[in-house]
Amino acid sequence: MELERLQEQMIKGLKRLGVKREVLEAMKKVPRHLFVPEDRKYEAYVDHPLPIGDGQTISAPHMVAMMCDLLEIKKGDKILEIGAGSGYHAAVMAELVGEAGMVYTVERFRKLADFASDNIRRAGYRNVKILVGDGSLGLPDFAPYDRINVTCAAPDIPPPLLEQLKVGGRMVIPIGKFLQELHVIEKREDTIHREIKGGVVFVPLVGEYGFRE
Ligand code: SAH
């Protein structure tokens, strides 16, 4: 009951920030407290990032909302996410794509992939698949994707991700090391269109087309 009230407050705060209705509806349905460590569940609906183990964090709710807004997700979309973490962002996107859509999310730490899988199962999502691997290589098996959501900061756009994005598709990706900015990429027939949305803070993308450990 208390958690429900806290969630309502979180949604009100996001609404004031101008988050779109579809994204607010999706975030209303996902029990964020199931995606944070048990002893942090009363902090789940506060608008800041939280530690989830292995030095990684679940992004703040406003960042999840903003990235979903920028992706312009539609029912039935096939989405690739890099950095499953807690699985929360994937769950919000699973609500947005609906039962006809699918979210594939890649995580480099097996322990976190297991954490995300447990959380996704407890929350009851069937349209999310979690895989362990280096997401800077994308996930060729299920390509091409309508949308790609990168939740860790890359040195630049990993070429495999651009390759695995559909023409007409969109990708949101934080780029930079100390100074990071959120880039929105639209893949067109022969070009890419890029818009930069301002400063952000993410853990690094570590991998072949990411930063080195
Ligand atoms: N989307 C997550 C937040 C993720 S934090 C959520 O909703 O909770 C970023 C994640 O990216 C971390 O879990 C980190 O381990 C992962 N990561 C970093 N480099 C990666 C890579 N090359 N491939 C896959 N995951 C990676």
Side-chain angles (χ1 to χ4, degrees), residues 14 17-27 29-30 59 62-85 87-107 116 120 125-131 133-176 180-200 202 205 207-210:
L14 294 174
L17 291 177
V19 175
K20 284 184 206 136
R21 190 182 49 82
E22 297 82 11
V23 175
L24 291 176
E25 289 299 320
M27 290 180 77
K29 290 189 190 136
V30 184
S59 307
H62 75 269
M63 189 50 64
V64 172
M66 181 181 166
M67 290 169 88
C68 287
D69 263 357
L70 292 171
L71 278 171
E72 296 179 4
I73 297 168
K74 294 184 184 57
K75 292 280 178 220
D77 274 352
K78 182 171 38 155
I79 300 187
L80 172 65
E81 179 182 59
I82 311 305
Y88 175 73
H89 204 150
V92 174
M93 295 192 293
E95 287 287 353
L96 287 163
V97 298
E99 278 170 15
M102 189 69 200
V103 179
Y104 296 93
T105 179
V106 186
E107 172 53 52
I120 288 287
Y125 292 98
R126 291 159 164 269
N127 53 349
V128 177
K129 195 169 164 60
I130 297 152
L131 300 108
D134 175 6
S136 77
L137 302 170
L139 188 61
D141 288 3
F142 304 101
Y145 302 96
D146 299 291
R147 301 288 184 262
I148 299 182
N149 184 44
V150 184
T151 68
C152 33
D156 204 346
I157 306 171
L161 296 188
L162 201 54
E163 221 172 274
Q164 292 168 33
L165 185 63
K166 281 186 193 169
V167 172
R170 290 168 83 84
M171 168 166 32
V172 171
I173 178 169
I175 292 182
Q180 305 170 358
E181 289 180 308
L182 196 61
H183 292 227
V184 182
I185 311 294
E186 240 185 270
K187 185 171 170 178
R188 298 181 179 166
E189 205 64 62
D190 301 308
T191 53
I192 68 161
H193 177 78
R194 187 193 294 246
E195 230 179 283
I196 301 176
K197 289 295 176 183
V200 287
F202 280 85
L205 172 86
E208 191 164 331
Y209 292 99

Do the side chains of V150 and F202 get nearer than 4.5 Å, heavy atoms only? no
Of all the heavy-atom pairs spanning S136 and L205, show the shortest one and how long it is. CB-CD2, 3.8 Å
When you compare the side chain of M102 with that of V97, does any pair of heavy atoms fall below 4.5 Å? no
Can you find a pair of side-chain heavy atoms, one from L137 and one from Y209, that are under 4.5 Å apart? yes
Heavy atoms of A116 and A84 approach each other most closely as CB-CB, 4.3 Å
Worked check of side chain to side chain contact (heavy atoms under 4.5 Å, CB included) between M93 and L71: CA-CA 10 Å; M93 295 192 293; L71 278 171; 4.2 Å; yes
Among V64, L24, V23, which residue meets the side-chain contact (heavy atoms from CB on, under 4.5 Å) test with L14? L24
To the nearest 0.5 Å, how far apart are CG in L161 and CD1 in I185? 10.5 Å
Please give me the minimum heavy-atom distance between Q164 and P140, naming the atom from each residue. OE1-N, 3.5 Å
Donor-acceptor under 3.5 Å (T105 side chain, L80 main chain): no
How far does CD1 of I148 sit from NZ of K78, to the nearest 0.5 angstrom? 10.5 Å
With no hydrogens and no angle check, is any side-chain donor or acceptor of K197 less than 3.5 Å from a backbone partner on L182? no
Are any side-chain N or O atoms of K187 and backbone N or O atoms of L162, one a donor and one an acceptor, separated by less than 3.5 Å? yes
Rounded at 0.5 Å granularity, tell me how far CG in D146 sits from CD1 in I73. 10.0 Å
Without swapping roles, check the side chain of D134 against the backbone of E208 for a donor-acceptor pair under 3.5 Å. yes
Under a 3.5 Å distance rule, please check whether E107 uses its side chain to pair with a backbone N or O of G85 as donor and acceptor. yes
For the side chain of R188 and the backbone of H193, is there at least one donor-acceptor N/O pair under 3.5 Å apart? no
Polar side-chain atom of N149 near backbone of C68 as donor-acceptor pair, under 3.5 Å: no
Within 45 degrees of the ring normal and closer than 6.0 Å to the centroid, is that where the cationic atom of K129 sits relative to Y104? no
Which atoms form the tightest heavy-atom contact between I157 and M171, and what is the distance? CG2-CE, 3.7 Å
Least distance between heavy atoms, E72 atom then D77 atom: O-OD2, 4.4 Å
State, yes or no, whether a side-chain contact exists between D156 and I175 at a heavy-atom distance under 4.5 Å. yes
Here the gap from L131 atom CG to E81 atom CD, rounded to the nearest 0.5 Å, amounts to 11.5 Å
Do Y88 and M27 make a side-chain contact, defined as non-hydrogen atoms from C-beta onward lying under 4.5 Å apart? yes
Any non-hydrogen side-chain atom of R147 less than 4.5 Å from a side-chain atom of K74? yes
Which heavy-atom pair separates I120 from A91 by the least distance, and what is that distance? CD1-CB, 4.0 Å
